[in-house]
Amino acid sequence: MVKKLVTAQFFSLTTARIILGIVFVAHGWRSMFTVGPGQTGRFFESLGIPLPNFFAWVVGLTELFGGALLILGLAVPLVAVALIIDMLVAMFTVHIDKGFFSMNGGIELNLVLIAGLLAVAAVPQTSLGLDALILKKKLESSK
């Protein structure tokens, strides 16, 4: 019974981490290549965000590479912190005035992404990620 629970937890957290990574890669790709940093910077400027072009690059690259790192399972807790900050800024600068539901541009999606990031960052990484492989090699070499 315990082994089934551990396997279910392993599968669930690995799947959640990979799905979150895909979502962030998609958002980062859109910011960097579909819309582009220039248009993203103009949007940030309209929101009153300081250094809008700089932060357009920071947000796009954070989402793109942060999502890729989540998929790979590398530096998950650090990546999660960066992406949570990204989501909090988006939530309070863009979505907060639009209510709760994402269909109206509200904060719902931001909250779900933050919850997912907290879940995958708060537990030891599974063997299907690079963090676990690196830790395993370090433990083996220290014997």
Side-chain angles (χ1 to χ4, degrees), residues 1-45 47 49-96 98-143:
M1 178 71 164
V2 172
K3 186 173 182 170
K4 286 183 181 179
L5 288 174
V6 170
T7 302
Q9 180 185 32
F10 166 82
F11 175 77
S12 299
L13 291 170
T14 300
T15 302
R17 177 177 49 79
I18 292 169
I19 290 171
L20 285 164
I22 291 168
V23 169
F24 280 104
V25 166
H27 280 263
W29 186 270
R30 182 180 183 278
S31 293
M32 296 307 296
F33 302 109
T34 304
V35 175
Q39 188 172 341
T40 302
R42 287 188 292 281
F43 175 64
F44 286 0
E45 186 175 36
L47 296 172
I49 293 174
L51 305 170
N53 292 323
F54 170 75
F55 283 113
W57 280 91
V58 169
V59 166
L61 293 174
T62 299
E63 291 175 354
L64 184 65
F65 289 108
L69 290 171
L70 284 177
I71 292 167
L72 295 171
L74 186 59
V76 172
L78 296 174
V79 169
V81 168
L83 291 171
I84 288 169
I85 292 168
D86 178 48
M87 287 296 94
L88 288 170
V89 172
M91 192 167 75
F92 287 108
T93 58
V94 178
H95 302 283
I96 196 81
K98 297 176 182 166
F100 179 77
F101 295 104
S102 60
M103 62 187 265
N104 300 322
I107 63 172
E108 180 180 26
L109 178 61
N110 303 103
L111 292 174
V112 169
L113 292 172
I114 290 168
L117 290 165
L118 287 170
V120 299
V123 296
Q125 295 309 301
T126 63
S127 60
L128 285 179
L130 292 179
D131 281 345
L133 293 174
I134 292 167
L135 179 61
K136 183 179 176 183
K137 288 208 184 270
K138 283 185 180 180
L139 291 174
E140 288 172 355
S141 69
S142 67
K143 288 182 182 179

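For the single chain, residues carry numbers from 1 onward in sequence order. Treat the numbers as computed from the prediction; the structure is a model and nothing was measured.
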Q) In Å and rounded to the nearest 0.5 Å, what is the CG to CG distance from Leu113 to Leu88? A) 11.0 Å
Q) Does CZ belonging to Phe101 count more than 12 external heavy atoms closer than 6.0 Å? A) no
Q: Please round to the nearest 0.5 Å and tell me the distance separating atom CD of Glu45 and atom CG of Leu51.
A: 11.0 Å
Q: Decide side-chain contact (heavy atoms from CB on, under 4.5 Å) for Val79 and Phe65; before the verdict, give the C-alpha distance in whole Å, the side-chain angles of both, and the deciding distance to 0.1 Å.
A: CA-CA 9 Å; Val79 169; Phe65 289 108; over 6 Å; no
Q | Reported CZ-to-CD1 distance for the pair Phe43 and Ile49, which is rounded to 0.5 angstrom | A | 7.5 Å
**Q.** Verdict with reasoning, Phe44 to Val59, per side-chain contact (heavy atoms from CB on, under 4.5 Å)
**A.** CA-CA 11 Å; Phe44 286 0; Val59 166; 4.0 Å; yes
Q. Do Met91 and Leu111 have side-chain heavy atoms sitting under 4.5 Å apart?
A. yes
Q: Compare every heavy atom of Val89 with every heavy atom of Thr93, then report the nearest pair and how far apart it is.
A: OG1-O, 2.7 Å
Q) If you take all heavy atoms of Ala56 and Gly41, which pair is closest and at what distance? A) CB-N, 3.5 Å
Q) Which atom names give the shortest non-hydrogen contact between Asn104 and Lys98, and what distance separates them? A) O-CB, 3.4 Å
Q | Between CE on residue Met87 and NE2 on residue His95, distance to nearest 0.5 Å | A | 7.0 Å
Q | For the student: nearest non-hydrogen atoms of Leu83 and Phe24, plus distance | A | CD2-CD2, 3.7 Å
**Q.** Between CD1 on residue Ile19 and CG on residue Leu70, distance to nearest 0.5 Å
**A.** 12.0 Å
Q. At their closest point, which heavy atom of Val120 faces which heavy atom of Ala16, and how far apart are they?
A. CG1-CB, 4.0 Å
(Q) Between Arg17 (side chain only) and Ile71 (backbone N and O only), is there a donor and an acceptor less than 3.5 Å apart? (A) yes
(Q) Nearest 0.5 angstrom please: Asp86 CG to Glu63 CD, how far? (A) 4.0 Å
(Q) Quick check: closest heavy atoms across Ser31 and Gly60, and the distance to 0.1 Å? (A) CB-CA, 3.9 Å
**Q.** Candidate pair Trp57 and Thr40, rule side-chain contact (heavy atoms from CB on, under 4.5 Å), full reasoning
**A.** CA-CA 9 Å; Trp57 280 91; Thr40 302; over 6 Å; no
**Q.** 4.5 Å side-chain heavy-atom contact, Pro52 and Arg42
**A.** no
